[in-house]
Amino acid sequence: MYQRIEEVNSEDSVGKKVKVRGWIYRKRRSGKIVFIIVRDSTGIVQSIVEKNSVSNDDFKSAVKAGIESSVIVEGIVEKDERSPTGYEIKTTSFNVVSYAEPFPITEYQSDELLMNLRHLWLRSRKMTAIMKIRDTVFKGFHEFLRGEGFYEVHCPMFVSTAVEGGSTLFEVPYFGRKVYLTQSSQFYLETMIFSLEKVYTVAPSFRAEKSRTRRHLTEYWHGEAEAAWFSNEDMMKLEERMIEHIVELVIRERKNELDILGRDVESLKNVQAPFERIRYDKIVDIATEIGIDMEYGEDLGADEEREITKRFNAPVFITHFPAEIKPFYHRPDPENPSVVLCHDMLAPEGYGEIIGGGERIYEIEVLRKRLADEGWKEEDYYWYVDLRKYGSVPHAGFGLGMDRAVMWIAGLDHIKYAIPYPRTIRRVTP
Ligand code: ATP
Ligand code: MN
């Protein structure tokens, strides 16, 4: 029986015999004592290996074993203020499962080297904390939508139609013809609302992003939902409660990890629904006010979003974008068809867009016109158009960039830290 290190670091374990297994995190020797900090997935604890308390062989192993060697440690738990966690193991047996070669990552390394050694860097305390927060963000997403009666479904990654426009499509050779990697599962989700009404999926989306920004990957995790009978406003109401739920869960379950990352938790506590809603035309005014050169009809770039969101301490929705800067499927506002019933949710503190969503066109004539305007061929989208022929209903949906949500909630300054193996224009290794 092995104990998790988390259990060892507790009042209940004091005076008890424990056995843990893990990896050497830090090590220091002082004569006849070797201080070894062992880590497992739950935490770290100091093992004191004294020459007189273990066999000769075990002492030799402790002296020889370097950082990242895998070990099994047995001993009695004692309290000691000087040890990093306040508890330590007075070791009676020290076994090395596998001696590590000198570990190539030391304290100060270039980002490039760390990215090349990503498979090893993932073991760091910082990356471990991020991966645990990521896990909680995904858990909160699933938990919330299932709680709201959404069914989880799965859509293809090889597709033959664009969702977000041609310029970011990845082509893949496919038995003598070309297919694409999906940019979004939205259209497939839309097909499923006619049976399940409320559906969601979490899957990769692929975009050939040529611009190098802090928040674009070429392969990212996309949490998407669609719901029959939902209006744009209904969807925003769902999303703000969802984001509030996810953030609360992270604050509750990942306090330690937020601490390790030095994340300012107070600002996360401001994330409470309802979020402010601002119309796009108002944003143009705000931008002008704060000295950003932005004209009506331009999309918000990263710089605009950063400046705007710095002024808010909770997420905000931007609504009613001009139709021409949004993909064809967005539903025009019946009161002013030059704008669409959609929304972007921008995360505060300069993080910017994390969600894009809105009502979808459900009237077949409107859809046909928008497809033609954008130069798409109806036959390529025959199945999408079909949905408007057989019992079409008003509906809405959203797409959440999961990695961007992690980046914001964990307080990271680049999206590449939010995912185990980031894919960008420059990097596909390891
Ligand atoms: P942006 O303007 O930031 O490029 P977008 O308008 O292209 O975003 P959508 O098509 O609305 O984004 O996609 C939905 C969500 O997916 C976005 O709000 C964002 O959180 C996320 N997302 C989009 N592109 C990327 C990417 N390249 N890397 C990571 N996340 C992305
Ligand atoms: Mn984009």
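Order of listing sets the numbers, starting from 1, for every ligand and every atom in it.
Considering Trp221, Phe321, Tyr220 only, the shortest heavy-atom separation from atom 30 (N) of ligand 1 involves Tyr220. Comparing heavy-atom distances from atom 14 (C) of ligand 1 across His222, Gln186, Glu219 singles out His222 as nearest.
If you check which protein heavy atom lies closest to atom 1 (P) of ligand 1, you get His216 NE2, 3.7 Å. If you check which protein heavy atom lies closest to atom 20 (O) of ligand 1, you get Ile354 O, 2.8 Å. From the protein, the heavy atom lying nearest to atom 7 (O) of ligand 1 is Arg207 NH1, 3.1 Å. Residue, atom and distance of the protein heavy atom nearest to atom 15 (C) of ligand 1 are Gly399 O, 3.6 Å. The single protein non-hydrogen atom nearest to atom 18 (O) of ligand 1 is Glu353 OE2, 2.7 Å, given as residue, atom name and distance. Protein heavy atom closest to atom 19 (C) of ligand 1, with residue, atom name and distance, is Arg404 NH1, 3.5 Å.
Residue contact check for ligand 1: Leu217 places a non-hydrogen atom closer than 4.0 Å to it. Contact between Arg215 and ligand 1 is present, with at least one heavy atom of the residue lying under 4.0 Å from the ligand.
Contact between Ile5 and Arg39 at its shortest, heavy atoms only, is CD1-C, 3.7 Å. Between Thr424 and His216, the shortest heavy-atom contact is CG2-O, 4.4 Å. When every heavy atom of Arg134 is checked against every heavy atom of Pro420, the shortest pair comes out as NE-CD, 4.1 Å. In terms of heavy atoms, Tyr188 sits closest to Cys155 at CB-SG, 3.6 Å. The nearest pair of heavy atoms linking Met235 to Ala227 is CE-CB, 3.9 Å.
The distance criterion of under 3.5 Å between nitrogen or oxygen atoms is met by Glu209 with respect to ligand 1.
Using a 3.5 Å distance cut-off with no hydrogens or angles, the side chains of Arg254 and Thr136 do pair a donor with an acceptor. Checking Glu239 against His343 by side-chain atom types alone, a donor-acceptor pair falls below 3.5 Å. With no hydrogens or angles considered, a side-chain donor-acceptor pair links His395 and Glu190 at under 3.5 Å. Of the N and O atoms on the side chains of Asn270 and Ser267, not one donor lies less than 3.5 Å from an acceptor on the other residue. Between the side chains of Arg118 and Thr429, no donor N or O sits under 3.5 Å from an acceptor N or O.
Annotation for ligand 1: atoms under 4.0 Å from non-hydrogen atoms of Ile355 are 18 (O). Close contacts of ligand 1 with Gly356, meaning ligand atoms under 4.0 Å from a residue heavy atom, involve 11 (O), 18 (O). Atoms of ligand 1 lying under 4.0 Å from at least one heavy atom of Ile415, given by number and element, are 29 (C). Under a 4.0 Å criterion applied to the non-hydrogen atoms of Gly401, ligand 1 contributes the atoms 15 (C), 16 (O), 20 (O), 21 (C). Taking every non-hydrogen atom of Glu164 and a distance limit under 4.0 Å, the qualifying atoms of ligand 1 come out as 10 (O).
Residue Gln183 does not touch ligand 1, judged by heavy-atom distances below 4.0 Å.
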| said: Using ring pair (Phe, Tyr, Trp, His ring centres under 6.0 Å), reason through Phe187 and Tyr384 one step at a time and then give a plain yes or no. | reply: CA-CA 7 Å; Phe187 292 176; Tyr384 191 63; 4.0 Å; yes
